[in-house]
S.K.: 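Provided herewith is a single structure, encoded as structure tokens, for subsequent inquiry.
When a ligand or atom number is given, it counts from 1 through the structure's own listing order.
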Amino acid sequence: MFTGLVSSLAPFISFPPSLSPSLVVLVLFVISAVVFLVAGPRARAPGPPAPLPCLPRLPVLGSLPWLGGGVAPHLRFCQLALRYGSVFALHLGPHYTVVINEHRHAREVLLQRGRDYAGRPNMVTTSLLTRGGKDIAFSDFSPLWKLHRRLVHDSFSLFGEGSGRLQDVVLSSVDSLCAELLAGGRRGFDPAAAVTRAVTNVVCTLVFSATYRHGDEELQEVMRYNDGIVQTIAGGGLVDIYPWMKVFPSRALRRLKACIAVRDRLLTRKLEEHKASLSDGDPRDLLDALLKGKTASGQKPEDETITDDHVLMTAAEAFGAGVETTSTTLLWILVYLLHHPEVQERVQKELDEQVGAERPVCASDRARLPYLDCVINEGMRIRPVSPVLIPHIAMTDSSIGGHAVRRGTRVLVNMWAIHHDPEHWARPDLFNPDRFLDGRGRRVCPPGFLPFGAGPRVCVGESLARLELFLFLSSLLQRMSFTLPRGAAPPSLQGRLGVVLQPLPYTVVVTPRAGWEGGAK
Ligand code: STR
């Protein structure tokens with residue numbers, strides 16, 4: 001047929017005498033084959049979208065045997081992306097799951113089609129943690145979730161940028177952190193406990209107006225149960241893939257329940273105290289704001305309105321999310337400053353020029369300290385606290401990169417891969433804050449930088465977190481310098497994956513800067 005077509009065209013095409021029609025047929029065939037192969041599926045007529053490349057699967061186990069090897073999931077997904085492409089599918093036990101390793105697909109799932117993918121799977125451990133999804137981060141999409149999220153967002157903004165509230169709280173906590181670091185750090189010590197305590201203290205003040213002194217028993221209790229939850233949630237893994245496993249007694253699940261009970265006792269007490277002393281004036285803290293907002297949202301049936309349980313779970317989550325993420329990010333940035341003393345010096349030079357040593361740094365200095373902001377961004381890029389985002393679920397039939405995705409599909413966004421994609425980041429393993437500045441020294445935000453996620457599920461605490469990181473880091477570097485103990489190797493850059501990606505314990509020497517020998521003014 002093809003030969004026939006060419007010969008019927010022959011009268012209109014003049015062949016050089018040396019070219020026979022059969023040679024032309026061959027050449028045309030080769031050209032069209034090459035075009036087909038190069039242009040690939042796009043050149044094909046529109047038809048059903050191609051299925052995603054998928055890992056092999058076994059009955060019951062799904063693709064789990066292909067995921068092991070003792071490698072953390074975000075790194076294993078990177079290896080698999082080299083073989084299967086940047087978006088591929090696998091079966092986590094019975095659950096068909098799509099894994100995304102590239103920022104364009106992440107933007108499609110989180111932003112362009114954000115509504116389609118705003119659902120959350122029901123998981124055993126997080127369901128225990130949140131009384132069946134009465135929180136923000138893990139509960140499934142619903143009108144009530146939207147209302148709840150808006151209330152939390154509005155309550156957070158009472159303490160944010162404009163109010164000066166977060167600034168006061170952080171600065172008073174920084175004074176004691178500095179004193180603690182200077183006391184312990186002159187000879188070299190592990191800063192993790194002091195940093196976590198300071199951040200916990202800030203969150204306690206914001207959530208229920210408690211400020212603790214060093215060694216306070218209630219603060220110790222909060223830190224203890226939080227640590228227990230962090231450790232057991234991270235180990236919850238298989239129960240979340242096979243919910244029926246919860247019928248088997250598990251030490252981790254028992255410990256988790258015990259920690260949740262301690263947490264709930266403490267928070268219920270705080271909630272009752274707040275209810276009893278609630279006044280018409282400005283809210284004192286997050287619990288006040290939630291209680292006031294909850295009454296304002298009207299009296300509807302239980303399943304359509306925000307209940308005490310929601311308030312309690314929000315407070316609990318603000319805690320977990322606020323403490324783990326902020327302290328871990330600060331500890332990672334300190335690790336990188338030990339590796340790159342020149343970066344620390346440059347931040348301190350910027351601070352000396354723009355703020356000086358006469359007064360503490362404040363929120364309005366942020367605009368004048370672009371390099372410090374870049375250091376924070378680079379820290380969040382190179383070691384995202386959440387290397388794989390909390391799973392999303394497709395709430396309707398949808399698509400990713402032109403591939404059909406069915407309702408109910410789980411979607412994992414591998415933020416690690418996106419933040420280390422060599423196509424978008426030159427030398428991704430190098431800590432280089434300058435990538436967030438343009439040629440003229442102005443801040444830029446590359447499209448592949450999504451440390452807080454994006455879209456309807458974007459981190460609700462993002463602006464609080466950014467401000468808090470800024471205030472902590474600027475105050476610390478204004479007042480002290482961090483160096484390695486004499487002769488010590490720089491700390492490991494390898495993280496330990498729990499509920500967030502944490503640095504391994506390390507030792508740092510702390511020296512006061514001129515004018516700050518006592519830690520505070
Ligand atoms: C830490 C431990 C705890 O007490 C409570 C929570 C609930 C919220 C979680 C938090 C956890 C870990 C970090 C999370 C956060 C919600 C958003 C945040 C997962 C388990 C991230 O996505 C990094």
S.K.: Within the 4.0 Å heavy-atom shell around V499, which atoms of ligand 1 are there?
M.R.: 12 (C), 20 (C)

S.K.: Should one rank P451, G320, P387, G461 by closest heavy-atom distance to atom 3 (C) of ligand 1, which comes out on top?
M.R.: G320

S.K.: Verify the contact flag for atom 14 (C) of ligand 1, where contact means a protein heavy atom under 4.0 Å away.
M.R.: no

S.K.: How about Y506 and L338: do any of their side-chain heavy atoms sit closer than 4.5 Å?
M.R.: yes

S.K.: Looking at side-chain heavy atoms only, is the closest gap between R383 and E378 below 4.5 Å?
M.R.: no

S.K.: Does an N or O from N226, backbone or side chain, lie closer than 3.5 Å to an N or O of ligand 1?
M.R.: yes

S.K.: Show which atoms of ligand 1 fall inside a sub-4.0 Å distance from at least one heavy-atom site of S386.
M.R.: 22 (O), 23 (C)

S.K.: Within the 4.5 Å heavy-atom criterion, are Y96 and L90 side-chain neighbours or not?
M.R.: no

S.K.: Of all the non-hydrogen atoms in the protein, which one sits nearest to atom 8 (C) of ligand 1, and at what distance?
M.R.: E317 CG, 3.6 Å

S.K.: For A137, counting its heavy atoms only, list the atoms of ligand 1 lying under 4.0 Å from any of them.
M.R.: 16 (C)

S.K.: For atom 17 (C) of ligand 1, what is the closest protein heavy atom, and at what distance to 0.1 Å?
M.R.: I390 CD1, 4.1 Å

S.K.: F436 and ring-ring contact (aromatic ring centres under 6.0 Å, His included): which single residue from F431, F449, Y371 fits?
M.R.: F449

S.K.: Using a 4.0 Å cutoff against the non-hydrogen atoms of I229, which atoms of ligand 1 qualify?
M.R.: 2 (C), 3 (C), 4 (O)

S.K.: Scan D264, I136, L129 and name whichever one has a side-chain contact (heavy atoms from CB on, under 4.5 Å) with M313.
M.R.: D264

S.K.: Decide whether T314 and H148 meet the rule of one side-chain donor and one side-chain acceptor closer than 3.5 Å.
M.R.: yes

S.K.: In terms of atom number and element, which parts of ligand 1 are under 4.0 angstrom from non-hydrogen atoms of V230?
M.R.: 2 (C)

S.K.: Under a 4.0 angstrom heavy-atom cut-off, which atoms of ligand 1 come close to T325?
M.R.: 23 (C)

S.K.: When you compare the side chain of H392 with that of R457, does any pair of heavy atoms fall below 4.5 Å?
M.R.: yes

S.K.: Just so I know, are the side chains of C259 and T232 near enough to count as touching, which here means a heavy-atom distance under 4.5 Å?
M.R.: no

